[in-house]
Every structure is written in C-alpha cells, then in structure tokens.
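First the structure, in the form of structure tokens, and then the observations on it.
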Amino acid sequence: MIRMLQIAWREFASTALTKGFIIGGFVVPAVILVVMITLLPILLKDEGPAISGEVSLIDKSGVLADDITRRLSKETLEAESGSVAMPEIDPENPPEADEMAAVLSGALPSAVPDLTVNSLDVETDVEEAKKLLLEGTADDGGLLALAVIDENAVSTTEVDSNDVPKFGAFKLFVKPRLKDKVHSTIRRSISDSIREARLEQAGLSPDMINSLTKVNAERSKEVTEEGERNAVEGLNMLLPGGFMILMMMAVMIGGQYLLTTTVEEKSSRVVEVLLSAVSPMQLMTGKILGQLMVGLLIMIVYGGVGMTGLVFAAMADLIDPMIIIWTLAFFFLAYVQIASMMAAIGSAVNEMREAQSLMTPVMAVIMIPYLLWMPVAMNPSGTFAVVCSFLPPVNSFMMIVRIASTEPPEIWEILVSLAISVVSSYVILRGAAKVFRVGLLMYGKPPNLKTLIKWIRMA
Amino acid sequence: MDLVVPRGSLHGFIGPNGAGKTTTIRMIMSIIFPDRGELSVLGKPSAIDSKDKIGYLPEERGVYKKMKVLAFIKYIAKLKGVSDSAVHKRAMGWLERVGLSDVAQKKCEELSKGMQQKVQFVASVIHEPELLILDEPFSGLDPVNMRLLRDLIREISDSGTTIIFSTHVMTQAEQLCDNIVMIHNGQKVLDDPLDQIRSRFDPRALLFEPRDSTVDAQRFLAVQGIESADRTDAGWEIRLTDGLEPSEAISKLSSQIDAVRVEVKRPSLEDIFVQIVEDDFDAGELAETMGAAS
C-alpha cells in the first residue's frame with residue numbers, strides 16, 4: 001500500500017508539479033481570462049478612424065432628399081449610436097455578464113461616419129454617376145455610395161389584385177470594401193426614410209405606429225429566497241453541460257497523462273526496474289491514483305473558478321451541494337474506466353505514435369457524451385436521456401448532465417447508474433490490468449485490438 | 001531446467017542470445033510466471049514475498065529521464081523498502097562509490113549512457129539485497145567502469161550476497177564467477193564450478209611456438225603420443241593422445257624442437273560455449289557425456 005502511494009505521489013509530482021503543467025494549466029488560462037475581462041472591451045471600443053465621404057442621391061420621388069440628408073448627418077448618427085450603446089443598468093445588481101455580451105456584440109459608442117449627402121438631378125445619367133465609385137478606395141473618402149430611389153417609391157397608383165398598393169424600390173451602389181457598418185447605416189437610413197414617408201402619405205403617424213408595434217418587456221426575474229435576480233436564459237441548459245465538460249476535461253487530462261507516463265516508462269525501459277520492486281497491479285493502481293489527483297486538482301481549480309463566478313452573480317444556490325458530491329463520485333468512476341484503458345494502451349505500445357490506433361474506443365467514450373449532452377440537457381427526463389444515463393461506459397457523464405439539469409432524476413436512478421458505473425469500472429479495470437501485466441514487457445510490433453483481447457483472455 | 005543457486009555463491013549465467021537467460025531471470029523475479037514447474041527464492045515460493053531482499057538489474061533497463069539522479073535512486077530505494085531516515089545517506093554513499101556524487105542533482109537525461117548504467121546499478125544494490133541478479137551488467141561500459149563494476153560486484157559477493165549474473169561475454173564470466181550455468185535453447189547444458197568445467201573440457205593440447213618457423217608437421221608427429229599438429233597464427237596447436245600427459249609432452253617436444261614458447265592450452269569458456277552451441281547436441285546426450293566425464 002505504501003509503495004502504491006509512493007508511485008502515486010511520484011506520478012502526481014512528475015505531472016502536476018512541473019512548470020509546464022502549472023503554466024499551461026493555470027497561468028495561461030488565468031491570463032487569457034484577465035485579458036478577456038479587462039483588455040478586450042477597451043480594444044473593441046476603439047474601432048479605428050471614422051470614415052468620411054460622400055453619398056450621391058438620385059431621388060426620383062422628389063420628397064426624400066432632405067430627410068435622408070438629415071438622417072445621415074453626423075449629429076443624427078451620433079445621437080442614435082449614443083442611445084443604442086447605453087445598456088440598462090440595474091443599480092441593485094450590476095449585470096457583468098450583460099456588459100460582456102454588449103461588448104462582444106459591438107454595441108458600444110463608437111466613432112460615427114462623417115457623410116455628406118449630394119443630391120443629384122433626377123436626369124443625371126446613373127451609369128456616369130457610378131463611374132465616380134471607381135475612383136480611389138473606400139478609405140480615401142470621396143464618393144462612397146450612390147443611391148437611386150424609384151419615382152414611385154413613396155406614392156404609387158399601381159395596385160395588385162388584392163388592391164394593395166405596389167411601391168417602387170431603391171438601388172444602392174457602393175464602393176468595394178466599404179466598411180459594413182457604414183454600408184448598413186446608409187441602407188437603413190434610406191429604408192427608414194422611405195417607410196416614414198409612405199406612412200405620412202397614408203395619413204398615419206410614424207410615432208403612433210412605433211408605439212403600437214413595440215412591446216417593451218422587462219427582463220425576466222427569477223424569484224429566489226434570497227430575492228429576485230435577472231434570469232439568464234439558457235443557463236439551465238449550460239449548467240449541466242458545464243458540469244459534464246468539467247468532468248470530462250479532468251478525466252481526459254488525467255487519462256492522457258497516464259498514457260504518456262506509461263509509454264515513457266516503457267520506452268525508457270524503467271518499467272522492469274519498477275517491476276522488481278512492485279507488482280504490475282500495484283504499479284498500475286499507483287499510477288491511476290496519481291493521475292486521479294491530477295484530475296481532481298483540475299476539477300477543483302476550474303470548478304472553483306466557476307463556482308466563484310456563480311457566487312459573484314448571486315447564483316450559487318443553483319448548485320445543490322449534492323450535485324458536487326455526485327459529480328465527484330461519477331468523476332471517480334468515469335476516470336477509473338478511462339484511465340485503465342489508457343494504462344492498458346500505454347503498456348501495450350512502444351511509443352506514443354503507436355497508441356493512436358488503439359485510442360479509438362477511448363475516444364468514442366469521450367466523444368459520445370460530447371455529442372449527446374445537448375439533447376439530454378434539453379430533455380433530461382426523456383427516454384433518450386434515461387437510456388443514455390444507464391448505458392456504460394457513457395452513463396457517468398450523462399447521469400451528471402441529468403443530475404445538474406432542471407429535472408433531476410430520482411435518487412434510485414442515480415444509484416442504479418452509479419452501480420452500473422461501479423460494475424463497468426471493475427470489469428474494465430480487470431481487463432486493463434491483464435493487458436498491463438502482459439504488455440509492459442512486450443517490445444516489438446505494437447499489438448492491435450484483437451491481440452489485446454487475446455491477452456485479456458490469456459492472462 | 002533444474003537449477004540450484006546456493007546462498008553466498010557467485011553464479012555466472014551464460015548462453016547465446018535468445019537462449020532464455022532473461023526469461024529465466026524474469027521468472028526468478030516473478031515478473032513473468034512459468035507455465036509449469038516450480039521455483040523457490042530465498043526459501044519462499046515466489047520472489048513477490050521477498051522483493052525487498054532481491055536486487056535486480058534488468059537487461060532492459062532505464063531511468064526516468066526528467067528525474068534528478070539522487071531523486072531517482074531515493075525513489076527506487078524507498079520502493080525497495082529503505083527507510084526514509086536512511087535513504088539519503090545511503091544514496092549519497094553509493095553515488096560517491098561509483099564516482100557520481102557531483103551529478104546527484106542533475107537530471108538523468110543529462111548523464112552519459114555509462115553514467116546512467118552506474119546509476120541503475122546503484123539503484124539495484126542500494127537496499128543491500130541478499131540476492132542480487134544482474135542481467136548483462138557490463139554492456140555499454142568502458143574498460144575503466146567495467147573494472148569498477150567488477151570490483152564492486154566482488155565486494156558485494158564477499159559480503160555474503162548471493163549473485164546471479166548473466167552475460168553472453170564469456171571472459172566476463174570467467175573473470176568473476178565461481179560457478180557457471182550455461183543454457184542453450186532453454187535447456188541447462190552446464191552447471192559446475194569453473195575449474196571443473198575447464199578440466200572436463202580440457203582439449204588436451206599444447207600451444208607450441210618453435211624458434212625455427214620452417215618446422216613442419218612431420219617433426220611433431222614423429223614424437224610419440226602426438227595425435228595431430230595444426231598450424232595457427234602464432235605457432236602450432238599440438239593435440240595429445242590419451243596416454244600422454246601434457247607435462248611429459250612438453251619435455252619431450254622441447255627436447256627435440258627448439259621452442260620460443262610452450263604452454264598447455266587452457267580451454268576458454270568461449271571455446272566451450274562455441275563447442276556446445278555448434279555441436280548442437282541435445283541436452284540428454286550432453287548429460288551422458290558429462291556423466292561419463294565426471
């Protein structure tokens with residue numbers, strides 16, 4: 001037992017207490033997180049220099065030129081961009097997540113384009129006017145766009161079979177590589193202008209229409225014992241996914257390291273020295289335990305960061321302490337399964353390259369929950385979810401998704417799934433131990449799956 | 001195969017490549033298990049019960065590349081049951097003995113192959129085993145280190161440790177061992193003290209280097225009791241008939257032919273080895289021969 005712990009400690013120390021692991025596992029993600037939170041908004045805010053240039057307008061309807069000029073003026077655009085950018089802030093509960101979302105969607109105040117509208121005569125030759133667009137690039141200023149509005153764009157006499165008026169349209173020609181934001185501003189302004197002109201023509205007040213069609217809904221609030229808070233849509237689904245991915249990450253990283261160190265011990269021929277001191281079973285168990293600690297460390301650090309985030313968002317009550325206990329239990333069992341397979345593969349091959357082909361079944365166990373967690377999280381009590389949560393070897397992952405979902409399963413379901421995991425862990429561990437014992441001292445041609453199964457039968 | 005290694009002896013385990021030396025050693029170490037038959041190690045049915053009392057330097061050996069030399073030795077020592085309090089002193093003591101104390105804090109990968117070899121040797125003896133099994137301990141060592149290791153092995157043997165040591169280089173076995181076990185195709189073909197083997201495989205021949213290099217075979221064959229005379233690089237190899245003792249033959253020959261050098265040909269282990277392997281006779285036949293000889 002002491003030897004097993006010594007092996008486990010060496011395994012843990014040589015993996016987790018290295019510069020590479022600490023930097024790659026914790027420092028780099030922390031730096032990225034800090035950069036995301038602090039630097040990114042600043043960087044996104046600065047959109048670069050504002051564009052200035054001209055927009056030529058051939059307004060055949062004859063009523064829109066002034067309105068469009070007003071709409072594209074710098075003052076109007078600045079006023080608009082200011083009003084869009086200010087997100088509502090709840091003084092009680094500053095919504096950090098919302099701010100982030102606003103930042104990412106680019107709805108921050110930014111430099112508006114400086115556009116001059118040139119109204120051209122209706123008789124102007126469109127082809128001639130277009131030629132000006134060929135001069136220079138969008139950044140140089142000059143003519144950026146040419147808009148041609150049909151004569152019947154605002155008022156028309158034509159009607160279709162249902163007596164609904166048929167209006168004309170407008171065409172917009174722009175310089176290549178014109179900034180998308182400028183392009184859409186011009187397009188939107190002309191559309192808005194035409195729409196309002198039509199409404200007025202029909203004797204309707206645009207403000208009236210606006211207020212009739214716009215429904216203001218306040219953000220949904222979740223009512224909890226600690227008070228109300230903003231509901232975050234999708235969180236109910238993301239939370240189970242988060243638990244599963246955390247678990248999977250820890251299992252995978254621990255398993256991957258186990259594979260690497262086993263292959264290394266074998267290829268550096270240190271394994272027979274170890275086998276003179278401990279039995280193959282002790283060696284394998286010690287190694288599995290060591291990497292279990294690595295996996296746990298990752299779960300604790302990353303899970304801890306996640307929990308801290310929830311505490312700050314006053315959502316810690318979403319997580320029942322029992323979920324954490326179940327997660328640890330299922331993590332342990334899922335880990336033992338993956339890790340034993342990894343140890344068996346590592347012992348069977350001579351170098352990492354050869355491990356790839358044998359990794360397929362392990363990768364399947366990893367990939368299936370990845371593909372399935374969405375449908376299971378969406379419908380955690382559906383037949384599909386229930387079946388998945390009892391089907392080894394993916395049941396541990398799927399059960400966690402169900403447990404963390406809005407409709408947690410009955411306790412007996414959890415216990416049955418746990419029992420299935422225990423049994424399958426035992427079976428996999430036994431098989432792996434046999435392969436491990438035979439494989440460790442086999443050098444030469446790497447075995448295929450068939451050979452591995454033969455080893456399991458033979459030993 | 002039936003083999004008994006008495007306590008305190010220094011047994012050489014020889015045989016051609018693929019004869020089964022490493023397999024036998026691994027079975028002794030309970031790393032692999034025999035299909036049938038039984039073995040007993042230090043009085044127990046399996047080495048698992050007494051791993052701490054056995055030192056093993058495998059043929060396929062290595063070190064943790066990223067681990068520091070001292071840490072590696074201490075790790076193996078602890079796995080072998082050396083107590084925490086004693087481990088540091090012992091490890092440093094051994095590193096000093098093999099001249100590696102100044103690299104104790106270096107990573108194993110920074111060491112040369114020969115140095116790594118010595119580290120592995122230290123790791124196999126650090127727990128002061130009662131039985132030490134060395135599989136090809138000299139491969140990859142330069143002559144100086146080979147001598148150092150040989151002296152250490154002798155020293156350990158003198159302190160009462162039983163040593164089994166395998167090699168396919170016969171001279172090493174000759175220089176070190178009291179007893180030789182030879183296996184060929186998984187069968188034991190020799191198991192005796194070295195001097196007994198020598199006398200059994202006595203070629204009954206002399207090496208004769210005449211002063212006059214033009215001497216021909218007829219001159220030798222003229223002497224009574226000479227069976228054959230073959231020219232070799234340095235002179236002649238003279239085979240004797242059963243009736244003639246080497247000492248008698250020497251005096252007879254040297255009285256008739258002026259000699260620069262005359263000596264009794266000593267069978268080297270290599271000759272015996274090659275003879276056995278090449279003759280390729282089966283173990284049963286050999287056993288008869290050996291029975292007749294002894």
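Chain letters run A, B, ... following the sequence lines, proteins first, then strands; residues in each count from 1. Any value given below was found using the heavy atoms of this structure, including those in side chains, with hydrogens, waters and symmetry copies removed.
At a 4.5 Å heavy-atom cutoff, the contact between B/L79 and chain A is made by backbone and side-chain atoms alike. If you measure heavy-atom distances from A/S14 to chain B, you find no contacts under 4.5 Å at all. Contacts of B/K66 with chain A are absent, with no heavy-atom separation under 4.5 Å from either backbone or side chain.
Note that OH of A/Y335 is 10.0 Å distant from CE of A/M342, once rounded to the nearest 0.5 Å. Between the CG atom in A/L289 and the CE atom in A/M284 there is a gap of 11.0 Å [rounded to 0.5 Å].
For B/F138 against B/I153, the heavy-atom pair with the smallest separation is CZ-CD1, 3.8 Å.
Annotation: cation-pi pair A/R10/B/Y64 present, NZ/CZ under 6.0 Å from the ring centroid and within 45° of its normal.
For the options A/L440, A/V278, A/T261, A/I7, heavy-atom pairs under 4.5 Å to chain B are most numerous at A/I7.
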